[in-house]
A.B. asks: 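Below: one structure in structure tokens.
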There are 2 protein chains.
Amino acid sequence: MKYESVTIKDIAQQLNLSTSTVSRALRGSYEISSKTKKLVVDYAKKINYQPNPIALSLKERRSHSIGIIVPEIANSFFSQAIDGIESVAYKHGYHVNISQTHESFEREMINVQHMASRSMDGLLVSVSAETNDSSYLKNLHERGLPIVFFDRIIDEIDTYKVVCDNFKGAYNATTHLIKQGYKNIAHITSSSHLFITKKRLEGYKKALEDYKIKFNENLVRYCDHGGMDIEEVRNNIISLFSSKNAPDAIISAGDRITTVMISVMKNQSSIKKKIAYIGFSNSDLTDMFSPSLSVVRQPAFEMGKTAMELLIKIIESKRPIKEFETKTMESKIIIKESSLIPKK
Amino acid sequence: MKYESVTIKDIAQQLNLSTSTVSRALRGSYEISSKTKKLVVDYAKKINYQPNPIALSLKERRSHSIGIIVPEIANSFFSQAIDGIESVAYKHGYHVNISQTHESFEREMINVQHMASRSMDGLLVSVSAETNDSSYLKNLHERGLPIVFFDRIIDEIDTYKVVCDNFKGAYNATTHLIKQGYKNIAHITSSSHLFITKKRLEGYKKALEDYKIKFNENLVRYCDHGGMDIEEVRNNIISLFSSKNAPDAIISAGDRITTVMISVMKNQSSIKKKIAYIGFSNSDLTDMFSPSLSVVRQPAFEMGKTAMELLIKIIESKRPIKEFETKTMESKIIIKESSLIPKK
DNA sequence: CAAAATTTTGGTATCGTTTGCGTAAATAAA
DNA sequence: TTTATTTACGCAAACGATACCAAAATTTTG
């Protein structure tokens with residue numbers, strides 16, 4: 001059994017008109033008499049006519065839909081960003097298609113290709129941690145598919161991008177820990193391919209430098225699967241703490257890595273107590289943690305909004321846009337207990 | 001500028017064949033010679049031909065896509081269920097469209113209509129807290145749109161449904177609190193329209209009854225916006241605790257309500273300490289709470305999987321299915337600190 | 001009142017793909 | 001070689017909607 005809906009043909013037949021007349025009447029064309037118009041519109045409403053978007057997409061070669069590619073929706077940052085995207089999209093008559101990569105490059109490629117072939121008018125992309133080859137995206141983009149990157153951007157592709165100030169976020173977080181008296185500050189971060197990983201690392205390094213603390217390569221740990229592989233995080237933590245120069249504080253990157261890290265530390269009795277930590281996170285639950293979690297919070301909703309606005313700008317611009325900019329938004333550092341155990 | 005992709009026509013032109021031959025060659029029809037077949041297939045691969053799904057949808061009147069309607073994705077239960085749905089969907093070649101209602105009835109109607117008009121082959125629905133009129137869903141369903149409900153089901157619509165044993169979940173949670181010595185157990189729950197709300201309430205009541213505790217209407221509080229309206233939850237909590245017969249324990253329904261409730265209690269100094277509580281939640285973070293949270297956990301991933309399997313069964317069945325069943329899955333009660341402060 | 005101008009409507013191609021039907025070419029049987 | 005069978009392919013319609021162009025129907029003008 002298949003769901004059947006009313007078509008313009010049904011209306012035409014019923015009213016003894018041609019499909020073209022009906023079509024024009026429905027979109028209020030000036031060349032249709034008001035009698036006919038009324039007749040058609042009333043009847044259409046009566047039988048609850050809904051234009052078939054598939055047929056429209058085929059005809060107009062656009063779908064009034066955009067695609068979102070994110071690592072995962074079960075992540076406060078991304079779900080908040082999606083809410084921001086949707087708020088703008090609905091206002092402008094766009095429908096939104098969400099797809100998750102689960103930090104897998106392969107899944108990402110499949111999803112992006114799928115979106116492209118489904119006549120998405122544009123894509124909002126935050127790449128996966130595994131993505132170190134963006135050529136397929138570049139290809140699609142060069143063939144005219146509008147793309148706006150947010151958060152996990154690809155630096156080499158020339159289009160609009162929306163990020164928060166990752167350098168500053170990491171810098172402030174690190175500085176905060178330093179001021180608490182910590183000197184052995186580890187940085188647990190996402191995969192080294194990611195542009196944001198690099199920026200955050202730079203902020204971290206700069207803070208150390210400004211406070212004359214020697215940078216120690218061994219205190220930086222990458223999670224190439226962005227925290228999806230718990231063992232990877234656990235191994236990083238364990239080796240970090242079993243090394244001679246165990247850290248006394250940690251700054252972590254991203255919602256997932258932060259929470260997985262905390263959970264690993266909680267269950268790892270081998271780890272000495274009183275580690276100070278602060279992480280990038282947009283979760284609403286961090287206040288309920290014990291200790292409550294100090295975080296670097298990104299304006300996720302705003303970032304989503306902005307990204308969607310820029311995408312619409314590209315989609316609806318008459319002539320190809322040549323000059324792109326990267327919008328950088330402020331992150332906020334929120335100090336709670338987890339980083340507030342001053343070390344004398 | 002618009003993204004253009006290769007069509008069957010391009011191949012036909014290039015190879016001096018008709019579109020029908022190309023089409024048949026690509027889908028391996030027996031009436032095409034193997035030479036031609038190879039020629040076409042090779043060329044198609046070379047220029048990376050991808051059939052246009054829009055055209056296919058129009059022709060076949062199905063999209064190989066299904067729609068998910070959930071209250072929100074920033075909710076562990078639903079995001080886990082979505083993961084389960086996706087895992088089955090991808091395996092069967094279905095694409096998944098997610099949409100959020102944010103617990104709004106109006107948004108839900110818009111989203112469902114949109115999905116239906118976009119030739120979704122079927123819908124997986126968990127209704128919003130505000131939904132107390134399901135006639136539009138019933139209508140669509142009667143017109144042949146395959147629908148499977150999960151979690152927030154509509155009892156009156158005759159189709160497959162997937163739920164967890166809400167009665168038992170609430171019964172066990174309540175019993176657990178009773179055994180800890182609590183007698184004034186409040187129940188903060190979602191909107192009274194929801195079927196699951198009713199079932200959980202029944203479980204709660206039965207537990208009280210079995211342990212000879214008198215049911216007190218005033219200890220049950222409904223959040224008609226499913227926890228999206230924080231003030232609503234706050235008011236419920238405050239009035240609950242300012243009443244003569246203030247509760248000494250709470251059992252809460254659903255991820256959002258549970259976390260909002262905890263957060264409200266945390267920030268409400270007027271509330272006496274040492275309230276025991278346990279909530280329905282699928283969050284992975286509850287262990288990090290202070291106190292760590294006792295929960296009733298639903299097999300969200302499994303529920304999503306099952307729902308998707310049932311939907312596929314409906315979609316792909318040759319003849320209309322007449323006999324539907326409701327799959328009930330076991331919930332699990334996980335005891336942590338929040339409910340473990342025994343009252344003598 | 002006829003011719004011209006204007007308004008209103010219908011016919012048809014189109015988007016990309018599949019599919020039933022028809023037919024030329026190739027092969028097999030006579 | 002002629003006729004009967006296959007085999008291999010092309011034509012055209014269809015899915016639902018739109019848009020250009022032409023054809024009615026109507027109104028205006030001389």
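The structure displayed is predicted, hence computed values, not measured ones.
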A.B. asks: Is the base of dG16(C) touched by the side chain of Arg118(A) through a donor-acceptor pair closer than 3.5 angstrom?
C.D. replies: no
A.B. asks: Whole-Å distance between dG22(C) P and Glu31(B) CD?
C.D. replies: 14 Å
A.B. asks: Distance check: side-chain N/O of Tyr49(B) vs OP1/OP2 of dT17(C), anything under 4.0 Å?
C.D. replies: yes
A.B. asks: With sequence neighbours left out, write down each residue that passes side-chain hydrogen bond (donor to acceptor under 3.5 Å, both in side chains) with Thr131(A), or none if nothing qualifies.
C.D. replies: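 Partners of Thr131(A) by the side-chain hydrogen bond (donor to acceptor under 3.5 Å, both in side chains) criterion, ordered by chain and then number, come out as Glu108(A), Ser128(A).
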A.B. asks: Rounded to whole angstroms, how far apart are CG on Leu56(A) and C1' on dT14(C)?
C.D. replies: 14 Å
A.B. asks: Taking only side-chain nitrogens and oxygens of Ser18(A), does any of them come within less than 4.0 Å of OP1 or OP2 of dG10(C)?
C.D. replies: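 The answer is yes; a side-chain N or O of Ser18(A) sits under 4.0 Å from OP1 or OP2.
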A.B. asks: Whole angstroms only, please: what is the NZ-P distance between Lys59(B) and dT19(C)?
C.D. replies: 6 Å
A.B. asks: Tyr30(B) has an atom OH; how far is it from atom C1' of dT19(C), in whole Å?
C.D. replies: 11 Å
A.B. asks: What pair of heavy atoms forms the shortest contact from Lys37(B) to Tyr30(B), and how long is it?
C.D. replies: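 Looking at all heavy atoms of both residues, the shortest contact is NZ-CA, 4.4 Å.
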A.B. asks: Taking CD1 from Ile8(B) and C1' from dT19(C), how many angstroms apart are they, rounded to a whole number?
C.D. replies: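 After rounding, the reported distance stands at 12 Å.
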A.B. asks: Tell me which residues in residues 35-45 of chain B put a heavy atom below 4.0 Å from DNA chain C, sorted by number, or none.
C.D. replies: none
A.B. asks: If you take all heavy atoms of Asp151(A) and Ser126(A), which pair is closest and at what distance?
C.D. replies: CB-OG, 3.6 Å
A.B. asks: Before accepting this row, confirm whether a basic side-chain N of the pair Arg152(A)/Glu103(A) lies closer than 4.0 Å to the acidic partner's carboxylate O.
C.D. replies: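 Salt bridge: yes.
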A.B. asks: Could you check which of dT18(C), dT9(C), dG16(C) has an atom nearest any side-chain atom of Thr19(B)?
C.D. replies: dT18(C)
A.B. asks: Rounded to the nearest Å, what distance is computed from the CD1 atom of residue Ile54(B) to the P atom of nucleotide dT18(C)?
C.D. replies: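 Result: 14 Å.
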A.B. asks: If you walk 5' to 3' along DNA chain D, what is the first nucleotide with an atom under 4.0 Å of a heavy atom in chain B, and what is the last?
C.D. replies: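 Nucleotide range in contact with chain B: dA8(D) to dG16(D).
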A.B. asks: How are the rings of His64(B) and Tyr94(B) set relative to one another: parallel (under 30°), tilted (30 to 60°) or perpendicular (over 60°)?
C.D. replies: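 Rings of His64(B) and Tyr94(B): tilted, 30 to 60°.
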A.B. asks: Rounded to whole angstrom units, what separation is found between the CZ atom of Arg27(B) and the P atom of dG16(C)?
C.D. replies: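 Distance check: Arg27(B) CZ to dG16(C) P gives 17 Å.
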A.B. asks: Please tell me whether His193(B) and Ser191(B) have a donor and an acceptor in their side chains that are separated by less than 3.5 angstrom.
C.D. replies: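 Yes, Ser191(B) and His193(B) have a side-chain donor paired with an acceptor closer than 3.5 Å.
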A.B. asks: Please name the pair of heavy atoms, one in Ile54(B) and one in Ser119(A), separated by the smallest distance, quoted to 0.1 Å.
C.D. replies: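 Between these two residues, the closest heavy atoms are CG1-OG, 3.5 Å.
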A.B. asks: Under the side chain to side chain contact (heavy atoms under 4.5 Å, CB included) test against Leu145(B), which residue among Leu140(B), Asn139(B), Asp121(B) passes?
C.D. replies: Leu140(B)
A.B. asks: Answer with base, sugar-phosphate or nothing: what part of the nucleic acid does Ser33(A) contact at a heavy-atom distance below 4.0 Å?
C.D. replies: sugar-phosphate
A.B. asks: Just call it for Asp10(A): base, sugar-phosphate, or nothing, with non-hydrogen atoms closer than 4.0 Å on any strand.
C.D. replies: nothing
A.B. asks: For the pair made of NZ in Lys9(B) and P in dG16(C), what is the distance, rounded to whole Å?
C.D. replies: 6 Å
A.B. asks: What is the distance from atom CE of Met115(A) to atom CG of Leu123(A), rounded to the nearest 0.5 Å?
C.D. replies: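 Reported value, rounded in 0.5 Å steps: 6.0 Å.
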A.B. asks: Hey, does Thr7(B) reach any base, or is it just sugar-phosphate, or nothing, if we go heavy atoms under 4.0 Å?
C.D. replies: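 If one applies the 4.0 Å heavy-atom cut-off, Thr7(B) turns out to touch the sugar-phosphate alone, with no base involved.
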